Number of protein chains: 2
Amino acid sequence: MTSQQTWSIAQLAEEHGVTHRTIRHYEELGLISPERRGTTRVFHRRDRIRLALILRGKRIGFPLEEIRKIVDMYDEQPGEAGQLSYLLDRIEDRRADLERRRQDIQDSLDELAELDRRCQADLAALRSPTHRQ
Amino acid sequence: MTSQQTWSIAQLAEEHGVTHRTIRHYEELGLISPERRGTTRVFHRRDRIRLALILRGKRIGFPLEEIRKIVDMYDEQPGEAGQLSYLLDRIEDRRADLERRRQDIQDSLDELAELDRRCQADLAALRSPTHRQ
DNA sequence: CTTTACGTTTACGTTAACGTCAAGTAGCAG
DNA sequence: CTGCTACTTGACGTTAACGTAAACGTAAAG
């Protein structure tokens, strides 16, 4: 009884605002692997979570192949020490990548704020010297 | 004498780690418009700055058409009040977009940190109970 | 004067990430 | 049985962002 809920392809597509073609594409690339009942796909909680991760990865700007590696990280079994420290290295790589992107975005936001200030100033200058109101 | 420096296409390509084809592609799309001396392109400070902005936009994940609008924002002349408030609206849109991306990245970083913690714990569990050193 | 380096345009090729048919199946309603 | 709805598998089309090759101009160097 621990959340036996399943979803159809149409439900997941609707919920995440993508087409069924998109979801099937992700399956072709091995990003998700839903159960099959006969020929029909049945999506479980795990698939749904992976889909959400995939779409966030896309918003961030990762290519699907990269995203596959990333979501796979979350599903790997602990295993032995070697695998664990390998996984830790990959986590660190990923973290560094995300930090770089965060910095780029922060820089953009800062410049945007500066541009905003200048515009506000120009606007004020247009109004103030001509008429006091 | 206020920084008359110019660059060749090869210099800019080298400096930013892209090919000349890439730079010419950006020109075709109207993202940069270097001077011409005869048939040869001559890049000025302005072009160099735009190229840097373009590449950062790419790292963030914007499509080139979007990037063109963005870099154009920085070059628009103040003009009259209508144009200014229009520009301010576009700045706000862009800011909201960047904030969303920032949030996605932050969420990813948080989850990554959590995964990291679990791995460290698993690694420790593998070493500690078996032998004390 | 020919080679070498650097530049140019034109144009077809490639990869990623789907879109868009076409054609078929499986279950249920009437 | 018929029709409808939701699902399936091909397979070709499309867009973005360049790669790559061909064919040519120009200017300094040997």
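Chain letters run A, B, ... following the sequence lines, proteins first, then strands; residues in each count from 1. These numbers were taken from a predicted model, which means no experiment stands behind them.
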I need the [atom1]-[atom2] distance between [X] and [N], as an integer number of Å.
X	N	atom1	atom2	answer
B/Ile23	C/dT9	CD1	C1'	17 Å
A/Ile9	C/dT25	CD1	P	19 Å
A/Phe62	C/dA17	CZ	C1'	17 Å
A/Arg59	C/dA17	CZ	P	16 Å
A/Lys58	C/dC18	NZ	P	3 Å
B/Ile67	D/dA16	CD1	P	13 Å
B/Leu31	D/dA16	CG	P	13 Å
B/Leu29	D/dT15	CG	P	15 Å

Output the single nucleotide from [options] whose closest atom is nearest the side chain of [X].
X	options	answer
B/Leu64	D/dA17, C/dA17, C/dT8	D/dA17
B/His25	C/dA17, C/dG19, D/dA17	D/dA17
B/Ser8	D/dT9, C/dA17, C/dG7	C/dG7
B/Arg21	C/dT8, C/dA11, C/dT9	C/dA11
A/Arg24	C/dC18, D/dG10, D/dC18	D/dG10
B/Arg36	C/dC18, C/dT9, D/dG19	C/dT9

Check: So does A/Arg45 pair up with A/Glu35, basic N to acidic O under 4.0 Å?
Finding: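 Answer for the salt bridge query: no.
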Margin query: Using a strict threshold of under 4.0 Å (side-chain N to carboxylate O), is an ion pair present between B/Glu65 and B/Lys69?
Written below: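 Judged by the 4.0 Å cut-off on N to carboxylate O distance, B/Lys69 and B/Glu65 do not form a salt bridge.
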Check: Which heavy-atom pair separates A/Leu51 from A/Ile32 by the least distance, and what is that distance?
Finding: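 Taking A/Leu51 first and A/Ile32 second, the nearest heavy atoms are N-CG2, 4.5 Å.
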Item checked: Touch class at under 4.0 angstrom, heavy-atom based, for B/Arg37 against every strand present ->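 Nothing, no heavy atom under 4.0 Å.
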Check: Contact class for B/Arg41 (heavy atom, under 4.0 Å): base, sugar-phosphate, or nothing?
Finding: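 Contact class for B/Arg41: sugar-phosphate only.
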Note to self: By nearest heavy atom, map B/Pro63 and A/His20 onto DNA chain D; which one lands nearer the 5' end?
What the structure shows: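 Whichever sits nearer the 5' end wins; that is A/His20.
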OP1, OP2 of [N] versus side-chain N and O of [X]: anything below 4.0 Å?
X	N	value
B/Tyr26	D/dC18	yes
B/Thr39	C/dT9	no
A/Thr40	C/dA26	no
A/Thr19	C/dG19	yes

With rounding to the nearest 0.5 Å, note down the distance linking [atom1] in [X] to [atom2] in [Y].
X	Y	atom1	atom2	value
B/Asp72	B/Arg68	CG	CZ	6.5 Å
B/Leu88	A/Leu123	CG	CG	6.5 Å
B/Leu53	A/Asp107	CG	CG	10.5 Å

Checklist line | Residue closer to the 5' end of DNA chain C, B/Glu28 versus B/Gln11 (nearest nucleotide) | finding: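 On the 5' side of the pair lies B/Gln11.
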